[in-house]
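Structure first, then comments.
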Amino acid sequence: SVAGIPQVINDLAVIPLSSGPKGTIIVYRLTGVWNVPADAALKAGMKASVKAGALVPAGTADSFPFGKMQSDSVGGYADVLIVQ
């Protein structure tokens, strides 16, 4: 896990608050709005998935549902609301 990078564990969308290798105890947030790496195609109001630590449009191959966009992607980052 890398702090602040979105990920999905099984079906649970999370933001890790700390970093560490497998086996490290990590605190995750399951709710809230977070500014995270995001594909330039994402716009406010769209559903977002996560793939390789960044938000991508919902339905992207090999991605996992994550949340709802709260802002347009600007400079490779955007605000997303985690939706379980």
Side-chain angles (χ1 to χ4, degrees):
S1 292
V2 177
I5 300 298
Q7 65 185 101
V8 176
I9 301 171
N10 295 322
D11 289 330
L12 193 62
V14 299
I15 294 286
L17 298 182
S18 57
S19 301
K22 187 174 184 170
T24 301
I25 295 174
I26 304 288
V27 175
Y28 297 95
R29 290 298 307 259
L30 309 174
T31 62
V33 175
W34 299 88
N35 188 265
V36 298
D39 184 282
L42 291 168
K43 304 291 181 201
M46 294 176 69
K47 290 182 181 178
S49 293
V50 68
K51 180 178 180 179
L55 299 177
V56 294
T60 298
D62 299 319
S63 68
F64 300 93
F66 191 81
K68 186 94 168 188
M69 298 304 299
Q70 301 297 296
S71 70
D72 293 351
S73 180
V74 177
Y77 284 82
D79 293 336
V80 65
L81 172 67
I82 297 173
V83 177
Q84 300 296 338

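Counting begins at 1 with the first residue of the sequence. All values below were derived from every heavy atom in this structure, side-chain atoms included, with hydrogens, water molecules and symmetry-related copies excluded.
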Do [X] and [Y] have side-chain heavy atoms sitting under 4.5 Å apart?
| X | Y | answer |
| --- | --- | --- |
| P37 | Y77 | yes |
| D79 | W34 | no |
| D39 | P57 | yes |

Closest approach of [X] and [Y], non-hydrogen atoms and distance?
| X | Y | value |
| --- | --- | --- |
| G45 | K68 | O-CE, 3.0 Å |
| I5 | G53 | CG2-O, 3.3 Å |
| M69 | K43 | CB-O, 3.2 Å |

For this session: Would you mind telling me which of V33, L55, I15, V50 makes a side chain to side chain contact (heavy atoms under 4.5 Å, CB included) with V80?
Result: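 Exactly one candidate clears the test, L55.
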
Exercise. Passes side chain to side chain contact (heavy atoms under 4.5 Å, CB included), S1 versus Y28? Steps please.
Worked result: CA-CA 10 Å; S1 292; Y28 297 95; 2.7 Å; yes

With a 4.5 Å cut-off on side-chain heavy-atom distances among I, L, V, M, F, W and Y, is there a chain of contacts connecting [X] to [Y]?
| X | Y | value |
| --- | --- | --- |
| F64 | L30 | no |
| V8 | V2 | no |
| V27 | V36 | yes |

For this session: Check the surroundings of atom NZ in K51: do more than 12 heavy atoms from other residues, nucleotides or ligands lie under 6.0 Å from it?
Result: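 Enclosed: over 12 neighbouring heavy atoms sit under 6.0 Å from NZ of K51.
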
Problem set entry | I82 backbone acceptor or donor facing Q84 side chain under 3.5 Å |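 No.
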
Problem set entry | Donor-acceptor pair, side chain of Q7 and main chain of V14, under 3.5 angstrom |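 Answer holds: no.
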
For this session: Give the intermediate values and the outcome of side chain to side chain contact (heavy atoms under 4.5 Å, CB included) for residues S49 and T60.
Result: CA-CA 7 Å; S49 293; T60 298; 5.6 Å; no

Exercise. Which distance, rounded to the nearest 0.5 Å, do you find between the CD1 of I26 and the OG of S19?
Worked result: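 Those atoms lie 6.5 Å apart.
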
